Amino acid sequence: MASTCLQMSGFLLSCFGWIGIIIATATSEWVVTCRFDITTCKKMDELGTKGLWEDCVLSIDLYHCRSLTDILLLPAYIQTSRALMISASILGLPAILLVMMSLPCINLGSEPESIKHKRSVGGGVLIILIAICCIIPTVWFPIASHRESGLVTFGYSLYAGWIGAALCLFGGSMISCCSGDSPEYSENRFYYSKQRAAPSTSPNHAKNAHV
């Protein structure tokens with residue numbers, strides 16, 4: 001019962017974390033950049049937001065964005081962050097499906113429990129891999145942006161990525177840990193322990209019993 005509750009909790013955490021990663025990938029307010037304080041930058045039209053897909057300039061009466069379409073001219077940290085976040089968003093779908101099909105409340109025909117166990121462990125490991133793919137760009141991007149154009153604060157997209165990565169990391173760990181031993185391994189272990197516990201019949205004992 002406890003294992004089932006942990007698996008369900010890990011599944012729900014992973015779903016919410018995957019949604020957070022998708023939000024971080026699709027939106028562009030990762031960091032707010034400015035070389036001065038926020039009020040001065042707004043007056044000088046130098047307060048901006050930067051994300052994976054566009055740069056925006058914020059002022060009192062203006063909100064202008066420029067799409068980052070020149071892929072070959074982009075810095076390496078933006079290209080790498082794009083690739084990792086897109087990979088995490090795409091891998092989330094098969095990972096969630098694997099875990100969902102391994103839940104105790106879902107049965108696919110008369111498949112053995114060992115198949116569901118392998119599916120659960122595979123889904124949990126894949127979710128942990130998704131979390132790692134999200135952690136790398138959400139840490140690297142603000143550091144590189146600060147060195148390039150000055151960093152004031154983090155944007156909501158970055159917070160969504162951090163929360164999503166944390167939820168996926170915890171959820172994937174719970175799913176992988178609560179799976180326990182494979183049913184085949186448990187059955188074999190019980191069989192061997194039963195063989196060891198069986199009393200051995202020696203020749204002398206058989207001879208005495210015959211007499």
Side-chain angles (χ1 to χ4, degrees), residues 1-30 51-53 77-141 154-195:
M1 184 64 183
S3 176
T4 302
C5 292
L6 285 174
Q7 191 174 14
M8 288 294 297
S9 301
F11 173 70
L12 292 176
L13 288 176
S14 301
C15 287
F16 288 123
W18 181 44
I19 293 173
I21 291 174
I22 292 175
I23 292 174
T25 305
T27 54
S28 296
E29 194 170 331
W30 278 48
L52 299 178
W53 311 105
Y77 73 92
I78 295 181
Q79 296 185 28
T80 307
S81 298
R82 280 184 179 182
L84 289 174
M85 293 300 292
I86 291 174
S87 300
S89 300
I90 294 175
L91 289 175
L93 182 59
I96 294 297
L97 289 177
L98 281 174
V99 177
M100 185 174 64
M101 290 188 296
S102 66
L103 295 176
C105 57
I106 296 178
N107 294 319
L108 301 177
S110 58
E111 62 177 3
E113 288 296 323
S114 59
I115 301 297
K116 297 185 72 172
H117 169 79
K118 293 176 182 178
R119 193 183 297 138
S120 177
V121 173
V125 172
L126 196 57
I127 290 173
I128 294 175
L129 179 63
I130 291 169
I132 295 174
C133 288
C134 183
I135 290 173
I136 295 173
T138 52
V139 172
W140 186 14
F141 192 94
F154 305 125
Y156 73 91
S157 303
L158 203 61
Y159 287 115
W162 283 339
I163 295 173
L167 291 178
C168 285
L169 188 61
F170 286 124
S173 301
M174 290 172 65
I175 292 169
S176 301
C177 293
C178 77
S179 298
D181 294 334
S182 174
E184 292 181 351
Y185 174 74
S186 300
E187 292 176 1
N188 292 334
R189 185 173 57 183
F190 175 75
Y191 173 74
Y192 288 127
S193 62
K194 189 175 180 181
Q195 269 193 335

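The analysis underlying the following values was restricted to heavy atoms, covering all of them including side chains, and did not include hydrogens, waters or symmetry mates. Computed from a prediction, not measured in an experiment: that's the story for all the values here.
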If I take atom [atom1] from residue [X] and atom [atom2] from residue [Y], how far apart are they, to the nearest 0.5 angstrom?
X      : Y      : atom1 : atom2 : result
Ile132 : Ile127 : CD1   : CD1   : 12.5 Å
Leu129 : Leu169 : CG    : CG    : 11.5 Å
Met174 : Ser14  : CE    : OG    : 8.5 Å
Leu13  : Phe170 : CG    : CZ    : 9.0 Å
Ile86  : Leu91  : CD1   : CG    : 11.5 Å

Yes or no on side chain to side chain contact (heavy atoms under 4.5 Å, CB included) for Met85 and Cys133, after CA distance, side-chain angles and deciding distance? CA-CA 7 Å; Met85 293 300 292; Cys133 288; over 6 Å; no
Is there a side-chain contact between [X] and [Y] in this structure, where contact means two heavy atoms from C-beta onward sitting under 4.5 Å apart?
X      : Y      : value
Met100 : Leu97  : yes
Ile135 : Trp162 : no
Ile128 : Cys168 : no
Gln7   : Ser120 : yes
Ile96  : Cys15  : yes

Please report the closest heavy-atom contact between [X] and [Y], naming both atoms and the distance.
X      : Y      : answer
Phe11  : Val99  : CD1-CG1, 3.6 Å
Pro94  : Ile90  : CD-O, 3.2 Å
Ala88  : Ile21  : CB-CG2, 4.0 Å
Ile130 : Ala95  : CD1-CB, 4.0 Å
Arg119 : Met101 : NH1-O, 3.1 Å
Pro137 : Leu84  : CD-CD1, 3.8 Å

Sequence neighbours left out, what passes ring-ring contact (aromatic ring centres under 6.0 Å, His included) with Trp30? Give chain and number order.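 ring-ring contact (aromatic ring centres under 6.0 Å, His included) check on Trp30 returns Phe141.
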If the condition is side chain to side chain contact (heavy atoms under 4.5 Å, CB included), which residues does Thr27 pass it with, not counting sequence neighbours?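 In terms of side chain to side chain contact (heavy atoms under 4.5 Å, CB included), with neighbours along the sequence ignored, Thr27 is linked to Ile23, Tyr156, Ser157.
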Side chain to side chain donor-acceptor pair (under 3.5 Å) contacts touching residues 79-93 (sequence neighbours left out): Thr25-Ser89
